[in-house]
Amino acid sequence: MNKLVLIDGNSIAYRAFFALPLLNNKKGVYTNAVYGFTTMLLKVLEEENPSHLLVAFDAGKTTFRHETFKEYKSGRQKTPGELSEQLPLMRELLEAFDIAYTEVKNYEADDIIGTLASKAEKEGWDVKIYSGDKDLLQLVSEKTSVALTKKGITNVETYTPEAMQERYGFEPARIVDMKGLMGDSSDNIPGVPGVGEKTALKLLHEFGTIEKVLDSIDQISGKKMKERLEENKEQAMMSKQLAVIETNAPLTVTIEDAARKGYNTDKIIALFKELEFESLLNKFDTEEEASQELEEIHFTTVEKEVTQEMLASPSALIVEVPSENYHEADIWGISIVNESGAYYISTEAALASDAFKVWAADPKQEKYMADTKRAVVALGWKGIELAGVTHDILIASYLIDPSAGSHQVADIAERNAQKKIDSDDAVFGKGAKRGRPDEDKLSEHLVRKGLAIFELKNVLEKKLKENEQFELFKDLELPLSLILGKMEKTGITVDTDQLKAMGEELTGRLQTLEKEIHELAGTEFNINSPKQLGPILFEKLGLPPLKKTKTGYSTSADVLEKLADQHEIIPKLLLYRQVSKLQSTYVEGLLKVVHEDTHKIHTMFNQALTQTGRLSSTEPNLQNIPIRLEEGRKIRKAFTSSDKGWSILAADYSQIELRVLAHIAGDEGLLEAFRNEMDVHTKTAMDVFHVKEEDVTGNMRRSAKAVNFGIVYGISDYGLSQSLSIPRKEAQEFIDRYLASYPKVRDYMDSIKEQAREYGYVTTLLNRRRYLPEITSSNFNRRSFAERTAMNTPIQGTAADIIKKAMVDVTHALEEKQLESRMLLQVHDELIFEVPEHELKEMEALVPDVMARTMKLDVPLKADVSYGDTWYDAK
DNA sequence: GCGTTCACGC
DNA sequence: GACGTACGTGAACGCA
């Protein structure tokens, strides 16, 4: 059976354009709409596998509809230039795919689709239409279905006559009646003023068609509504007429012209390459990838003895640790590149060589690396010291542009030197397929990476200096990477018996809760599945669904909390969620990663990931161990010191972000609060609500705290309204009052946005940089997000700068004073140590002092400190 | 394997 | 009208 797919080209392009960030290729050509259109096209080809396929485009500005109504589509914002320049590219793409497309003067894409669909139906074909425009729904029939884009581009909702009935309660042809009543502001179709979707549906359900509605005006309730309908009879009829899709447009193409042909892979690859659609290329470019374009290289393979000649300074050094987790990990091989040559050294040869070990540990022997921490930790586990690293391209690349998705050698090379080398994934395979390649392939790849580093070092160093980021790189991030490596390798001791005991208790409670919940629900189901839980709460038990997700009902905690007193099951569900989170993520999750013999956990800090300069922590994440609820906080009892008689000491910055804000903005009110060591949320409440300290109520302080939180994290009025459960308008009022109270903060917010628009990026106190290309976006949401980011990043990023510097300073202080205490963790504004008893008093004074003095701001920095036997007790 | 939903921290 | 709202990581589910 023939199957014709018709795509509304302009509509899909429009959707794609707004759904995706403004991508462009190296030549500066915008590609996001073409990209989105392409992904949609590929999905259609794969899922529908149609025998016939055609893309319809709108032609020109005027259509036959303008004869009926000359204002048709007037007032519509003109298509952004960034989008219109992509339309020709879409045609190029369709030609490469050898897919039919057409446009017809005086007609819209809708009419072409309507005409072809009607012809195909008459031939008995199946038809499917893809668009973002609801008008097309009038074409739905037993033979024709319409897929409307929902969210993004490839996420569609398909309408059949049954689905129409379910959604609208009427047959497809009534869509035009609905539009006749409602109008359509985007097409400038007037309809009947005051009638929206709800009223239109009500009227149509009652009377059937627009004509019948207008014939029965006297039966309609509401004086105002009667008047409106009476006054706008003609306008309504005209609006309906405008909405009707022409199914007999004069076409030059026939449905047979839409027959699919095989496409030309070479053309597609060439176009994808030009547009830089890397991810899509893989689908077509299976064989070609290989090393054919790579430059020729020469190197020496060392299986036995490492000679002095190979160990020059400076050298690029690759220590290949291929597994994601580098603790106690295999090293596949080593390469060294320097003035004397390029060498691949087998791991065995290197580790057996005293010369190599001495060179590696010699701080005077300069090394350039990519991901120093990975190598330092992996070598550290094998008892080999590494020092003298003076450049790390991973860190340099991250500082130059944290938003660059990958900082792998191959990607850095491509971005910064147009130098082509294979990615690790291409050489080693990824996921389940990853494995050690044969020795020739491995050695060549490692040497290529070494050569790339040797070249890239100069390029990146130059960029860092241009950006005034060289000090940030050299004095902060590079030393920090070694410090982090040491912390990771040291690890933190976990009392597994304690964890296991907690696990058993939690299991018991979960079983009881599960039984109770099933009884209250009257049926057994998987409580962990929102998909199963939703229908039970909102259908079976009849609770009101307050929020929806794209796949069904939302059952998140904030929804459940609002329903807490409506059904006994709700508090039990909330408790179940809380307990099962503790069980799965924290008890079971942590036990899985505790080292059997040492009882230690070794996390990995990612130093080159966040857009703000913060660290992140994985396998496990030790930056989100529970603290707010007592129940969860007990997990911290399992984190202990590694030696008897030692303590866990924690020091955390007090309100570091707000202090940074006070400093950057120079706002007297805020500065005063900190200089006088006031409770900053109370102070904010006083200033925002214009009351005396003693008149600040709990609620005022709570609101003030939420606003401060919002300022620190850059949330929107929407975000604030969510956190305070108040209408968005009130949230906006809070923000306005805040800014009125702190005028210098308002000035800062304005000037930082201006700076972002002018330079395209914002910076922190230590010149960390974040680019914000969307600050000039014509899309409100994109632009707003970029603006909030512009305001927030200097605050959060400077706070990150400060604690990172404190870590370097503390490390130096520990060395200088020859203390045995060890730094174990960083949690954004907090440092955790293990401390022997005889150093406790000294550390208690030293750490907060170093933290406070690490940077001089216009406000004092303050750190609080505490200690105890476990992390729990350090409170 | 991958996307979605939920929940933890700052 | 689009559209989705601070940043991260991880677990479980359910689809492919």
Side-chain angles (χ1 to χ4, degrees), chain A residues 11 14-20 47 76-77 80 132-134 149-152 154-155 184-187 430-433 526-534 549-560 574 577-586 588-590 592-593 603-604 606 609-629 632-633 635 652-653 656-657 709-723 728 777-789 791-793 795-797 799-800 803 826-830:
Chain A
S11 166
Y14 213 62
R15 277 296 182 127
F17 179 73
F18 284 109
L20 298 171
E47 285 184 3
R76 180 183 258 207
Q77 251 191 347
D133 186 349
K134 285 197 185 73
T149 51
K150 241 165 64 179
K151 204 175 229 179
T154 53
N155 190 344
D184 183 339
S185 60
S186 69
D187 287 348
K430 56 179 168 185
K433 286 189 207 137
N526 185 344
I527 306 172
N528 284 320
S529 162
K531 199 183 162 190
Q532 293 181 38
L533 178 60
T549 66
K550 54 184 119 179
T551 54
Y553 306 106
S554 168
T555 67
S556 59
D558 62 312
V559 171
L560 296 187
L574 286 164
R577 285 250 177 93
Q578 193 194 329
V579 175
S580 84
K581 173 78 179 175
L582 291 178
Q583 176 75 308
S584 65
T585 305
Y586 296 108
E588 289 170 356
L590 288 176
K592 256 185 259 173
V593 292
T603 186
M604 294 184 293
N606 195 333
L609 185 139
T610 70
Q611 303 304 300
T612 55
R614 279 186 171 187
L615 300 174
S616 78
S617 154
T618 55
E619 289 188 72
N621 180 355
L622 291 182
Q623 292 183 319
N624 71 346
I625 303 301
I627 187 164
R628 296 198 181 162
L629 302 172
R633 190 175 198 154
I635 295 284
D652 69 300
Y653 277 114
I656 186 164
E657 284 97 350
F709 180 86
I711 298 287
V712 167
Y713 289 125
I715 61 175
S716 56
D717 54 350
Y718 172 86
L720 183 62
S721 78
Q722 293 292 303
S723 70
R728 193 187 179 127
S777 169
S778 54
N779 178 301
F780 173 81
N781 295 310
R782 293 250 168 74
R783 193 176 58 247
S784 305
F785 183 53
E787 287 174 352
R788 295 203 302 277
T789 310
M791 299 185 276
N792 160 253
T793 296
I795 302 173
Q796 203 183 112
I803 192 159
Q826 187 251 49
V827 191
H828 307 308
D829 65 353
E830 179 182 25

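The sequence lines fix the lettering, A, B, ..., with proteins before strands; numbering per chain opens at 1.
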Below 4.0 angstrom from OP1 or OP2 of [N], is there any side-chain N or O of [X]?
X	N	result
A:Thr585	B:dC8	no
A:Asn526	C:dC13	yes
A:Gln623	C:dC7	no
A:Thr555	B:dC6	yes
A:Thr549	B:dT5	yes
A:Thr612	C:dA6	no

Tell me, please, which residues at least two apart from A:Lys581 pass side chain to side chain contact (heavy atoms under 4.5 Å, CB included).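 Once residues adjacent in sequence are excluded, the partners of A:Lys581 under the side chain to side chain contact (heavy atoms under 4.5 Å, CB included) criterion are A:Thr585, A:Tyr586.
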Using only heavy-atom distances, decide whether a donor-acceptor pair under 3.5 angstrom links the side-chain of A:Arg614 to the base of B:dC10.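 Indeed, a donor on one side and an acceptor on the other fall under 3.5 Å apart.
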Measure the distance from CD on A:Gln722 to P on C:dG4 and round it to the nearest whole Å.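 Those two atoms, CD and P, are 15 Å apart.
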Round to a whole Å and report the spacing from CD of A:Gln578 to P of B:dC8.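 In whole Å, B:dC8 P and A:Gln578 CD are 6 Å from each other.
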How far, in whole Å, is C:dA2 from B:dC8 if one measures between their P atoms? 33 Å
Looking at C:dC13, C:dC15, B:dC10, which one has an atom nearest to any side-chain atom of A:Lys531?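 Selected nucleotide: C:dC15.
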How is A:Gln532 classified with respect to the nucleic acid when contacts are heavy atoms under 4.0 Å: base, sugar-phosphate, or nothing?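 Sugar-phosphate, no base atom in range.
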Using a 4.0 Å heavy-atom cut-off, does A:Arg782 contact any base of the nucleic acid, only the sugar-phosphate backbone, or nothing at all? nothing
Between A:Ser556 and A:Asp558, a side-chain donor and acceptor under 3.5 Å: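 Distance-only check passes for A:Ser556 and A:Asp558.
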Once Watson-Crick and G-U wobble pairs under 3.5 Å are found, how is DNA chain B written in dot-bracket notation, 5' to 3', with | for any base paired to another strand? |||||||||.
